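Quantities reported herein were computed from a predicted structural model and do not represent experimental measurements. Reckoned from all heavy atoms, side chains included, excluding hydrogens, waters and symmetry mates.
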Amino acid sequence: MITNNLTTQELDTFLSIASFVDNKLPKVGNRRSASMFKVIDDVYGIGHDKESIKNLENSMTKVKFTLTSRQITIYDFVACVMCDANKDDRELIYLRNFPHKKSYRDLKKMYLDVSHEKLRYMYLKALKKVCIYANKNLKKYK
């Protein structure tokens with residue numbers, strides 16, 4: 001995946017891929033207990049089963065995404081790198097990229113005391129710090 005030094009552009013790309021993967025991973029839930037609507041559906045027979053949904057003409061079935069091994073590896077790499085990052089840098093990077101990438105002007109709503117240009121500078125500085133630290137210990141993340 002990474003053979004030489006990590007750059008800020010590569011890390012920013014990896015963060016956007018990790019954000020996509022984070023949205024597509026299955027949610028944590030207790031599979032042993034049925035939800036309220038599932039119990040009502042089983043008792044009264046309300047709703048559609050999988051076969052009837054497929055046969056409906058106007059059904060809006062969801063498209064399933066299959067994550068590649070490269071995307072999951074990048075997600076794991078970003079998670080490991082962010083664990084070693086400084087708390088303030090990690091918070092800024094997380095707010096910018098998760099659950100989807102936000103613009104600096106949208107991010108300014110969370111940081112009222114600074115301008116969007118200063119936020120851009122702070123974000124790039126945080127990425128640079130993380131890249132420097134990751135490049136020192138690159139073998140640790142492989």
Are [X] and [Y] joined in one hydrophobic group, where the rule is that I, L, V, M, F, W and Y side chains link up if heavy atoms are under 4.5 Å apart?
| X | Y | result |
| --- | --- | --- |
| Tyr121 | Val114 | no |
| Leu127 | Met110 | yes |
| Ile132 | Phe77 | no |

Can you measure from [atom1] ([X]) to [atom2] ([Y]) and round to the nearest 0.5 angstrom?
| X | Y | atom1 | atom2 | result |
| --- | --- | --- | --- | --- |
| Asp22 | Gln71 | CG | CD | 12.5 Å |
| Asp106 | Lys101 | CG | NZ | 13.0 Å |
| Lys108 | Lys102 | NZ | NZ | 16.0 Å |
| Arg96 | Arg120 | CZ | CZ | 10.0 Å |
| Asp113 | Lys118 | CG | NZ | 7.5 Å |

Is there a side-chain contact between [X] and [Y], using heavy atoms and a 4.5 Å cut-off?
| X | Y | result |
| --- | --- | --- |
| Val130 | Met82 | yes |
| Tyr75 | Leu25 | yes |
| Asn23 | Pro99 | yes |
| Leu119 | Leu92 | yes |
| Lys140 | Asp84 | yes |
| Phe14 | Leu6 | yes |

Item to check | Positive for side chain to side chain donor-acceptor pair (under 3.5 Å) with Tyr123, one of Asp12, Asp89, Thr8 | outcome: Asp12
Checklist entry - Crowded around Glu117 CD? As in, over 12 foreign heavy atoms under 6.0 Å? => result yes
Next on the checklist: Check whether Ser19 reaches the backbone of Leu15 with its side chain - one donor and one acceptor, N or O, closer than 3.5 Å.
Outcome noted: no
Item to check | Result of checking Ile74, Leu67, Ile72 against Arg70 for side chain to side chain contact (heavy atoms under 4.5 Å, CB included) | outcome: Ile74
